[in-house]
Amino acid sequence: MKLVIATGNKGKISEIRELLNDIPIDILSLTHFPGMPEIIEDGAIFLDNALIKARFTAKFTGHPSLADDSGLEVDALSGKPGVLSARYAPTTEERNYKLLKELESVPDHLRTARFVCALALARPDGFEWSTTGTCEGSITYSVSGDGGFGYDPVFYYQPLGKTFAELSREEKNSVSHRGKALRAFKKAVLAENLLK
Ligand code: IMP
């Protein structure tokens, strides 16, 4: 059985591969389908965008497709960058810098934030399944750590006393928004035979 991961983001692909490595499926990603047109992600919420990506990919590839739409919601910025997380500034470094700058004068107790991951599965026969995972944390005052990707160096996870970029891959997967959503997916795959 093949499953196409509807993303070209290498950080997401490797985390998803690692979390699904114990189920017997052949995992492909959009790097295997270079001719696929770019998908317009114009949904208002993470789940809308995940469904848009999963449906389009299933139709284009003819295989069950799993899409992750994820990002960071910062309370002091009324939930921004939210669905615009990937487009908040041109590069990862600039996005993190912009966020730290915007929160420059925000005190500790108001720096709360969460990562959100909406996962959607779409099959060519029209079947759909979805779930959402979240992870609560806060925004640091400077970048710290070189693991992970994206906003990991500015996201402080209090229970482990580190930023996500300072965690090992196993530690991040065990507590992250994506880890939680993928464990729910895995459970449903095994219990409900989602990938037929
Ligand atoms: P998407 O590809 O539109 O879902 O964009 C998600 C963006 O949210 C990524 O490019 C990252 O900037 C950010 N993001 C999502 N998940 C994570 C994570 O686990 N760590 C850090 N940043 C993340």
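Below, each value reflects all heavy atoms present in this structure, side chains not excepted, and no hydrogens, waters or symmetry copies. We count ligands from 1, going down the list as the structure has it; atoms in each ligand are counted the same way.
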Next item on the list: Mark yes or no: Arg111 above the aromatic ring of Tyr141, with NZ or CZ under 6.0 Å from the six-membered ring centre and no more than 45 degrees from the axis.
Entry: yes
Check: With no hydrogens and no angle check, do the side chains of Ser70 and Asp68 hold a donor and an acceptor under 3.5 Å apart?
Finding: yes
Notebook entry, point to check: How would you list, by chain and number, the residues with a heavy atom under 4.0 angstrom from ligand 1?
Noted result: Lys12, Glu41, Lys53, Asp68, Asp69, Ser70, Gly71, Ser85, Ala86, Phe115, Phe149, Gly150, Tyr151, Asp152, Lys172, His177, Arg178
Note to self: Taking the six-membered ring of Phe149 as reference, does the cationic atom of Lys12 (NZ for Lys, CZ for Arg) lie under 6.0 Å from its centre and within 45° of its axis?
What the structure shows: no
Margin query: Counting neighbours of OH on Tyr97 that are heavy atoms of other residues, nucleotides or ligands and sit closer than 6.0 Å, is the number greater than 12?
Written below: no
Next item on the list: Taking atom types as modelled, find out whether Glu166 and Ser144 have a side-chain donor-acceptor pair closer than 3.5 angstrom.
Entry: yes
Note to self: Tell me if the centroids of the rings in Phe164 and Phe115 come within less than 6.0 Å of each other.
What the structure shows: yes
